[in-house]
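What follows is a single structure, written as structure tokens, with notes after it.
In what follows, every chain begins at residue 1, and chains take the letters A, B, ... in the order their sequences are listed. Values in this document were obtained by computation on a predicted structure and should not be read as measured data.
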Amino acid sequence: QSPQQMAEEASRKRELRLMKNREAAKECRRRKKEYVKCLETRVAVLENQNKQLIDELKTLKELYVHKQND
Amino acid sequence: QSPQQMAEEASRKRELRLMKNREAAKECRRRKKEYVKCLETRVAVLENQNKQLIDELKTLKELYVHKQND
Amino acid sequence: MSNPRKFSEKIALHNQKQAEETAAFERIMQEVSVTRVIGMQPPRMTSAHLSPHPQAYLRSYLGGSLPNVNQIAANPQIELHHQGG
Amino acid sequence: MSNPRKFSEKIALHNQKQAEETAAFERIMQEVSVTRVIGMQPPRMTSAHLSPHPQAYLRSYLGGSLPNVNQIAANPQIELHHQGG
DNA sequence: TTGGGCTGACGTCAGCCCTG
DNA sequence: CAGGGCTGACGTCAGCCCAA
């Protein structure tokens, strides 16, 4: 093989690899963004559940002490 | 001013701006990483609190129905 | 490892945990709601207790289907058997 | 806006919320613990009630410093409902 | 063992928002 | 209005890790 064809082959291979990694990086960023949004949503959900659980715990606690005093 | 000095000035200004934005990007990535880690830690904390709250709610509920049957 | 490297696995893991915790959360909330409702009755009799259909009375206070109510039905005061399915 | 653009502000906001929620969490846990402890006593008298130091008896059951316990130990029949929420 | 898929980290560009 | 601080998104390089 002539060195000219070798250089062309190497260049084409490199460009193909760059193209693949380019798209892969784009997909990776997309998944990372989705993951962070998932984390934020999860935090919000857990926060609401915590508040509701604390409220229910307060209510049941006062109901318990009221039953106690009866 | 000679166009030679103008080109040098522009090049120096551009390089300075690139340098600043380079360090800014590095700090930005650092803060983003810290933020994501903060989110994960927060999720773990809220998860543990949820479990403990649910357990306490179960205990208090059974205690309540036991008091009810007395 | 519980901390995967791929984002897709992290997302799937978080969705799974969130589903489980939400299920447990809704379950305990319903149970506590039921407990509070039946706990309010004994000291004072309500006209609903005179109704020939106490199940309908309870279901009027609570929303969806209550599979765990059977355990509560173990209370000797109230009889609550399956409505046959 | 509650959703800042800068990461530092997001971190500060999350830390603030986490501190508040942790405080509320620990508070309600201690209160429920106290409620359960004092709720177990009335049906049967314990020898600890004959002790000249009931506060010390309660502190033996509970961990940290409990400022509200003093009022409860002083007047066990009072109702303790603070801010309703 | 090794090639390829994913991701971490970098530098650069473009754009937003705030301050001068 | 122009200028600068931060961040979103891109392409590239380096490296990890698993299936082939």
Over all heavy atoms of both residues, which pair between D:Lys10 and D:Arg5 is shortest? Give the atoms and the distance, please.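 Answer, listing the atom of D:Lys10 first, then D:Arg5: CE-O, 4.4 Å.
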What is the minimum heavy-atom distance between D:His14 and B:Tyr35, and which atoms define it?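 Result for this residue pair: CD2-CE1, 3.7 Å.
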Check every strand shown and say whether B:Arg31 touches a base, only sugar-phosphate, or nothing at a heavy-atom separation below 4.0 Å.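 Sugar-phosphate, backbone atoms only, no base.
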What is the nucleic acid contact for B:Arg30, judged by heavy atoms within less than 4.0 Å: base, sugar-phosphate only, or nothing?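 It contacts nothing in the nucleic acid.
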Do B:Leu53 and B:Leu63 belong together in a cluster built from hydrophobic side chains that touch within less than 4.5 Å?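 In one cluster with B:Leu53: B:Leu63, yes.
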Between [X] ([atom1]) and [N] ([atom2]), how many Å, whole number?
X       : N      : atom1 : atom2 : answer
A:Glu23 : E:dT7  : CD    : P     : 15 Å
C:Ile11 : E:dC6  : CD1   : P     : 13 Å
B:Glu27 : E:dG11 : CD    : C1'   : 15 Å
A:Leu16 : E:dG4  : CG    : C1'   : 12 Å
C:Asn3  : E:dT7  : CG    : C1'   : 13 Å
A:Tyr35 : E:dC6  : OH    : C1'   : 15 Å
A:Lys26 : E:dC6  : NZ    : P     : 15 Å
B:Glu15 : E:dT12 : CD    : C1'   : 11 Å

[options]: which one has an atom nearest the side-chain heavy atoms of [X]?
X       : options                : answer
C:Arg5  : F:dG15, E:dC16, F:dC10 : F:dG15
B:Lys33 : F:dC13, E:dA9, F:dG11  : E:dA9
B:Arg14 : E:dT7, F:dT7, E:dC13   : E:dC13
A:Lys20 : E:dG5, E:dT12, F:dT12  : E:dG5
B:Leu18 : F:dA14, F:dC10, E:dC13 : E:dC13
C:Lys6  : E:dG8, E:dT12, E:dC6   : E:dC6
A:Asn21 : F:dT7, F:dT12, E:dG11  : F:dT12
B:Arg29 : F:dT12, F:dG8, E:dG11  : E:dG11

Closest-nucleotide ordering on DNA chain F, the 5'-leading residue of A:Met19 and D:Ser8: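 Mapping each residue to its closest nucleotide by heavy atoms, the 5'-most match is D:Ser8.
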Closest-nucleotide mapping onto DNA chain F: is A:Arg17 or B:Lys32 further toward the 5' terminus? I mean the 5' end.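 That would be B:Lys32.
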Salt bridge check, B:Lys58 against C:Glu31: does any charged N sit closer than 4.0 Å to a carboxylate O?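 Salt bridge flag = no for B:Lys58 with C:Glu31.
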Look at B:Glu27 together with B:Arg30 and state whether they make a salt bridge at an N to O cut-off of under 4.0 Å.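 Result for this pair is yes, salt bridge flagged.
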Once you round to the nearest 0.5 Å, how far does CG of B:Asp55 lie from CE of D:Met29?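 If I round to the nearest 0.5 Å, the distance is 8.0 Å.
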Want to settle it: does A:Ala24 or B:Ala25 sit nearer the 5' end of DNA chain E, counting the closest nucleotide to each?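 Of the two residues, A:Ala24 wins.
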